[in-house]
Engineer: 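I am attaching a structure below and will ask some questions about it afterwards.
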Amino acid sequence: MKSPIRRCSEWRAAHDRPVYTFAERCPDCGAHTENSAPPPFSPEDRYGEYRRRARRRSGDVDVGSDGSEPE
């Protein structure tokens, strides 16, 4: 998942607060920017089992003879 809003990768060393921009480089210090959003994964994913079950039912995932997904 990509976020259009980016944050200066060197903001802790170069700025007193995060600098947000849409550009590939920070407008203040010229450092590269990074995606400001956290990755879309959570170990406490409450709906993960439902999503996997729906994928199995729709045929998007190969299911082994014991009902588990292949590794």
Side-chain angles (χ1 to χ4, degrees):
M1 179 172 140
K2 266 187 140 175
S3 172
I5 300 175
R6 301 176 67 81
R7 178 179 56 213
C8 176
S9 60
E10 300 295 324
W11 74 268
R12 287 180 179 90
H15 310 289
D16 57 345
R17 62 183 178 80
V19 175
Y20 295 95
T21 183
F22 292 109
E24 294 290 323
R25 294 210 169 258
C26 176
D28 294 341
C29 68
H32 287 284
T33 56
E34 57 190 12
N35 188 349
S36 64
F41 171 76
S42 171
E44 296 91 26
D45 185 6
R46 299 185 315 200
Y47 302 105
E49 179 56 34
Y50 298 111
R51 198 170 36 256
R52 288 185 291 274
R53 192 178 306 157
R55 283 179 53 200
R56 283 187 212 118
R57 266 190 258 138
S58 70
D60 288 345
V61 176
D62 293 331
V63 179
S65 60
D66 61 349
S68 65
E69 294 180 21
E71 294 183 19

Engineer: State which residue, out of Glu10, Glu24, Arg25, fulfils the side chain to side chain donor-acceptor pair (under 3.5 Å) condition with His32.
Structural biologist: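 Checked Glu10, Glu24, Arg25 against His32; only one passes side chain to side chain donor-acceptor pair (under 3.5 Å): Arg25.
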Engineer: Restricting to non-hydrogen atoms, name the atom on Trp11 and the atom on Arg17 that form the minimum distance, rounded to 0.1 Å.
Structural biologist: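 Looking at all heavy atoms of both residues, the shortest contact is CE3-C, 3.5 Å.
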Engineer: Could you report the tightest heavy-atom contact between Val19 and Cys26, atom names first, then the distance?
Structural biologist: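 What the structure gives for the nearest pair is CG1-SG, 4.0 Å.
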Engineer: Show the nearest heavy-atom pair for residues Arg7 and Pro18, with the distance to one decimal.
Structural biologist: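 Heavy-atom minimum between the residues: CD-CB, 3.9 Å.
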Engineer: Does any N or O in the side chain of Ser36 come within less than 3.5 Å of the main-chain N or O of Ile5, such that one atom is a donor and the other an acceptor?
Structural biologist: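 Checking the backbone N and O of Ile5 against the side chain of Ser36, a donor-acceptor pair under 3.5 Å is found.
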Engineer: Using modelled atom types only, decide if a donor and an acceptor are shared between the side chain of Thr21 and the backbone of Cys8 within a distance under 3.5 Å.
Structural biologist: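 Side chain of Thr21 to backbone of Cys8: no pair is present.
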